[in-house]
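Scroll down for the structure; my scribbles are underneath it.
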Protein chains: 2
Amino acid sequence: MLLQKPDKRVTIHDIARATGLAPSSVSKALNDLPSVSKRIKALVKAKAEEMNYRHNSSAANLRRGSSRTIGVIVPKINVAFFADVIAGMEEVCFENDYRLIICQSHEELDKEIQAVETFIEQNVDCILISLSQQTRSAEHLKQALAHHIQVVQFDRVDHHFGGHVIVNDNKAAAYEAVKHLADQGYRRIAFLGGAMHLQIYRDRKEGYLQAVNEADLDIPYQYIVDDSRNAEIAMEKATTLLKYRNPPDAFFTVTDHAALGVLKATSALKIKVPQQVGIVGFANETFTAVTSPTLSTIDQQSKMLGRHAADLYFNHILKKKPAGNPAQPVCEVIQSRLVVRESSLRNL
Amino acid sequence: MLLQKPDKRVTIHDIARATGLAPSSVSKALNDLPSVSKRIKALVKAKAEEMNYRHNSSAANLRRGSSRTIGVIVPKINVAFFADVIAGMEEVCFENDYRLIICQSHEELDKEIQAVETFIEQNVDCILISLSQQTRSAEHLKQALAHHIQVVQFDRVDHHFGGHVIVNDNKAAAYEAVKHLADQGYRRIAFLGGAMHLQIYRDRKEGYLQAVNEADLDIPYQYIVDDSRNAEIAMEKATTLLKYRNPPDAFFTVTDHAALGVLKATSALKIKVPQQVGIVGFANETFTAVTSPTLSTIDQQSKMLGRHAADLYFNHILKKKPAGNPAQPVCEVIQSRLVVRESSLRNL
DNA sequence: TAGCAATTGAAAATCGATTTTTTATTCAAT
DNA sequence: ATTGAATAAAAAATCGATTTTCAATTGCTA
């Protein structure tokens with residue numbers, strides 16, 4: 001008869017018993033620590049394989065006080081930008097033998113706080129976060145810091161919070177987009193913006209303003225419309241503007257969804273794009289390549305941004321840790337680039 | 001001077017000390033177990049709040065042997081179908097006070113196996129998985145079972161594996177799509193399929209065949225093309241077919257990306273959709289609503305599918321567990337529905 | 001009021017890996 | 001040959017919550 005319980009998880013104690021070693025030696029062997037001989041290491045590893053041993057993260061985390069896990073919180077995963085950012089983070093985590101776990105805030109502050117709590121309980125080593133639409137301040141991230149969890153904000157960030165931050169060059173990108181429209185001969189360029197409590201939208205607006213200033217364009221105040229991030233609202237606002245006695249001949253929108261809304265508006269009004277009206281969006285969503293006409297937009301180099309965010313943890317924060325000094329806050333800027341497609345190309 | 005170390009995580013021992021209780025009582029109070037009085041529960045909870053206590057999952061998981069966590073593995077998160085499925089799973093997990101952690105296989109078998117290993121180490125209670133493109137058999141999931149982790153496959157499944165399974169009514173949906181095309185008067189309906197080692201694509205093909213049979217259509221063998229899931233290949237294959245001396249007048253494709261490829265092909269050849277050629281795709285991706293013309297497709301009720309998958313764990317598997325009998329395998333089918341848009345509407 | 005059950009709380013064992021401390025061994029050098 | 005350092009493995013302590021076992025108190029009944 002078997003002495004073992006029918007099937008309990010195999011532990012290092014079982015391996016120790018099977019090899020006649022001490023559990024501590026088994027642990028060290030499996031972790032390739034120097035204080036155990038090559039012979040033993042080989043022996044232990046073979047036995048572990050044979051017994052179908054699996055490392056128990058909970059036990060190790062508890063003892064170590066670190067989970068070798070990074071948690072990422074994004075508003076939504078089915079947005080091209082965030083999915084790509086996460087892909088970049090995954091790569092870097094994998095290279096460093098860390099796990100990445102993902103939570104969605106679904107643009108709600110409550111869920112975002114919930115996610116932070118979960119990550120504290122799970123004892124992640126670092127939280128990478130892009131704030132939800134509802135979130136006005138990153139105050140709740142203090143809880144994470146209080147529990148010794150590092151925090152890196154990306155894209156939608158609260159600069160006032162004072163921690164590490166990675167963002168696109170939103171102002172410069174918007175400037176370039178609008179300058180491109182001006183270069184194509186569009187003169188009456190309207191702006192469809194986002195919620196003004198989010199820095200990224202304020203920055204994009206600034207870029208727009210700088211460009212229209214430099215090009216010395218006359219912009220009626222009606223052309224500048226905040227809070228029209230989604231397709232429906234944008235369509236409505238664009239329709240109103242296009243029916244105006246002095247209608248715009250181009251739109252720069254802070255999201256691709258808004259650009260799509262403008263496209264629908266023009267289509268409904270039988271206005272030709274790009275001949276009569278030019279459009280440039282922001283984010284390089286998948287669908288921008290398949291509309292008719294295809295939409296010009298800003299590519300945020302999202303995967304690279306994700307890589308840099310994770311890298312910030314491994315190569316800046318983690319390196320400084322042993323020294324004890326808390327790694328002074330970094331603010332990194334990722335360059336984005338204009339993708340010119342049909343919707344803004346009047347001069348062929 | 002302070003006696004406490006500057007800042008270590010607050011534990012139930014600290015609360016015990018602060019309240020003069022035993023750690024065990026604190027634990028029971030926090031978990032609302034019956035063997036502790038209301039008075040003590042209130043006292044403990046207040047103190048925990050005051051001391052900014054956070055539950056330590058690692059410690060609890062270790063002791064409990066369960067992590068109250070479900071792991072989901074999908075090929076890609078930035079696919080509308082999977083993102084929606086995950087949203088459904090999240091809801092159900094949240095309702096049951098469980099966590100959901102997400103891994104991507106990026107359509108590679110290696111990464112899929114890696115994800116399973118991670119979940120075993122993390123000791124998740126259940127794995128919900130949709131197989132990668134590369135995966136030919138679910139054999140590697142045996143490892144999870146061997147470690148007492150429940151497995152539910154969804155969408156891309158290996159029926160041969162024998163466990164719990166949730167799928168769409170792929171055959172019926174394809175049948176309906178093709179019947180719809182026939183009803184619209186299209187007679188020469190071509191089929192752009194997927195990899196034949198995946199059941200879902202075999203099923204969709206069967207539905208197509210059944211429909212063309214019943215409508216008594218003559219289909220040259222060239223009309224049936226497997227392995228053209230993505231836009232580029234589909235565009236190429238469609239172009240070839242459309243230049244054929246006896247070209248098809250409609251396409252049913254097993255993915256929306258392929259449908260997009262067909263649309264590009266027709267557009268390049270100046271063929272009018274839906275007047276000259278009808279198109280129906282599969283999956284109801286976001287972009288299908290914004291192409292010109294908009295694409296007809298199959299909606300898979302993905303969020304509901306996700307809810308059901310998670311529900312299968314909580315209401316079927318978990319319920320049976322105490323009894324010891326291992327919950328006989330379930331195969332659940334989620335009905336999908338045809339979404340008729342412009343690309344297949346010839347009769348207005 | 002004695003006797004017994006039902007509550008309520010404390011004590012101690014436990015989960016499995018890591019890490020620090022000890023002990024035992026090897027080997028070189030004086 | 002003996003001290004000493006260097007190496008290798010064992011022993012023991014530890015992480016923090018849960019759970020089982022045990023003890024004490026309360027309350028109720030006869």
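Note on naming: letters A, B, ... go to the chains in the order of the sequence lines (proteins, then strands), and numbering restarts at 1 for each one. Values below: every heavy atom of this structure, side chains too, minus hydrogens, waters and symmetry copies. Only a predicted model underlies this, so the values are computations on that prediction, with no experimental measurement involved.
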| said: Base, sugar-phosphate or nothing for Thr11(A)? Non-hydrogen atoms, less than 4.0 Å. | reply: sugar-phosphate

| request: Determine whether the side chains of Glu332(A) and His164(A) contain a donor N or O and an acceptor N or O closer than 3.5 Å. | output: no

| query | Contact class for Ser24(A) (heavy atom, under 4.0 Å): base, sugar-phosphate, or nothing? | reply | base

| said: What's Leu30(B) touching, base or sugar-phosphate or nothing? Going by heavy atoms closer than 4.0 Å. | reply: nothing

| query | Could you give the NE2-to-P distance, from His13(A) to dA10(D), as a whole number of Å? | reply | 13 Å

| said: Measure CG/Asp32(A) against C1'/dA8(D) and give the value in whole Å, please. | reply: 16 Å

| field | Residue closer to the 5' end of DNA chain C, Arg64(B) versus Val36(B) (nearest nucleotide) | value | Val36(B)

| task | Taking atom types as modelled, find out whether His159(A) and Gln199(A) have a side-chain donor-acceptor pair closer than 3.5 angstrom. | result | no

| query | Should His147(B) and Gln143(B) count as side-chain neighbours, where that means a heavy-atom distance under 4.5 Å? | reply | yes

| Would Ser66(B) and Asp125(B) count as having a side-chain donor-acceptor pair, cut-off 3.5 Å? | yes

| message | So Asn61(A), base contact, sugar-phosphate only, or nothing? Heavy-atom distance under 4.0 Å. | response | nothing

| task | Verify the neighbour count for atom CZ of Arg68(B): are there more than 12 heavy atoms of other residues, nucleotides or ligands below 6.0 Å? | result | no

| said: Check the phosphate of dA9(D) against Ser37(A), side-chain N and O only, distance under 4.0 Å to OP1 or OP2. Yes or no? | reply: yes

| field | chain A contact limits on DNA chain C, taken 5' to 3' with a cut-off of 4.0 angstrom to heavy atoms | value | dG16(C) to dT20(C)

| Arg54(A), CZ atom: more than 12 neighbouring heavy atoms under 6.0 Å | yes

